[in-house]
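A quick write-up on the structure given underneath.
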Amino acid sequence: MLVRWQGQLQHAGHIAENANARGASVTLIAANMPEYSHPQIDVKHVRSAAEMLDAVLQGFDSSDVLIMTAAVADAKPKNISDVKIEKTQYKNIELEPTVDILAHVSGMKRDDQVLFGFAAQTDDHIAKAHAKLSRKGLNFIYVNDVSSGKIFGSDLTQGSILHQSGKTYDFNEMSKSELASKSLDLIVAELGLRP
């Protein structure tokens with residue numbers, strides 16, 4: 001199982017540890033966070049979206065499940081300078097999109113693989129999540145409303161898991177650890193295994 005992790009030990013950390021406790025072989029790809037290690041989880045630390053894409057591609061073919069919880073960044077500076085840019089030269093920073101890793105690998109997905117994505121939205125969250133689910137060829141997507149900074153920095157979350165069949169699983173406020181367990185129950189059922 002590949003779990004992509006950006007940020008604090010939140011969704012992905014809980015998922016990786018829960019999956020490991022269930023006996024899964026887990027690779028955790030982590031970016032923009034303090035060093036993290038686990039004796040039974042293969043942790044790969046990366047620094048950019050490009051490095052994360054490389055790490056995901058290295059393990060994707062041999063994985064049954066890919067869970068992608070957050071983007072390293074949706075955009076990057078178009079031009080990079082090897083020298084310091086002086087304040088007097090500050091004008092505009094042109095951005096260009098980074099590769100959408102989940103959309104990229106969904107085109108390589110086998111029928112027996114499960115792709116699970118996350119979507120943090122501030123408006124029309126269910127409609128936007130349905131669109132992402134379809135556009136990216138996912139089996140599942142977890143979506144939550146993050147308007148006004150909801151859930152960030154908290155161990156509690158609430159939202160919905162949408163399945164490609166159209167089924168929706170709504171969750172009231174719960175711990176991110178509990179959400180990890182419920183997400184893995186759905187993934188295990190999708191793989192045709194017993195929880």
Expected output: side-chain [X] to main-chain [Y] donor-acceptor under 3.5 Å:
X	Y	result
Ser106	Lys136	yes
Ser181	Glu178	no
Gln113	Ser63	yes

Leu95 with Ile85, same ILVMFWY side-chain cluster at under 4.5 Å: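 No; tracing contacts between hydrophobic side chains, which count when under 4.5 Å, never links both residues.
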Taking the side chain as every heavy atom from C-beta outward, state whether [X] and [Y] have any pair of such atoms under 4.5 Å apart.
X	Y	answer
Lys128	Asp123	yes
Met108	Leu57	yes
Phe171	Gln158	no
Ile101	Met68	yes
Met52	Val56	yes

Supply the atom-to-atom distance [X] [atom1] to [Y] [atom2], rounded to the nearest 0.5 angstrom.
X	Y	atom1	atom2	result
Leu179	Phe118	CG	CZ	5.5 Å
His104	Thr98	NE2	OG1	12.5 Å
His130	Ile141	NE2	CD1	10.0 Å
Lys78	Ile93	NZ	CD1	14.0 Å
Ser183	Ile15	OG	CD1	5.5 Å
Asn139	Ile187	CG	CD1	8.5 Å

CA sep, side-chain torsions, deciding dist, call: Arg22, Val188, side chain to side chain contact (heavy atoms under 4.5 Å, CB included): CA-CA 10 Å; Arg22 294 176 184 225; Val188 165; 4.1 Å; yes
Return the minimal non-hydrogen interatomic distance between [X] and [Y], and the atom names on each side.
X	Y	result
Ser175	Thr157	O-CG2, 4.5 Å
Ala180	Asn18	C-ND2, 4.3 Å
Leu102	Gly117	CD2-CA, 3.9 Å
Ala16	Leu28	CB-CD1, 4.1 Å
Leu133	Leu162	CD1-O, 3.9 Å
Ser165	His163	OG-ND1, 2.7 Å

Worked verdict on Leu186 versus Lys182 for side chain to side chain contact (heavy atoms under 4.5 Å, CB included): CA-CA 6 Å; Leu186 292 171; Lys182 292 183 181 300; 5.9 Å; no
Enclosure of Glu94 CD (heavy-atom neighbours >12, cutoff 6.0 Å):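 Not more than 12 within 6.0 Å, no.
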Asp112, CG atom: more than 12 neighbouring heavy atoms under 6.0 Å: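 Atom CG in Asp112 is packed in, count exceeds 12.
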Verdict with supporting geometry, Phe60 and Leu115, side chain to side chain contact (heavy atoms under 4.5 Å, CB included): CA-CA 11 Å; Phe60 184 67; Leu115 295 186; 3.8 Å; yes
Test log, rule side chain to side chain contact (heavy atoms under 4.5 Å, CB included), inputs Glu51 and Ile29: CA-CA 10 Å; Glu51 287 180 9; Ile29 304 170; over 6 Å; no
Step-by-step salt bridge (charged side-chain N to carboxylate O under 4.0 Å, His left out) determination, Arg110 to Asp61: CA-CA 9 Å; Arg110 301 186 315 266; Asp61 286 343; 5.2 Å; no
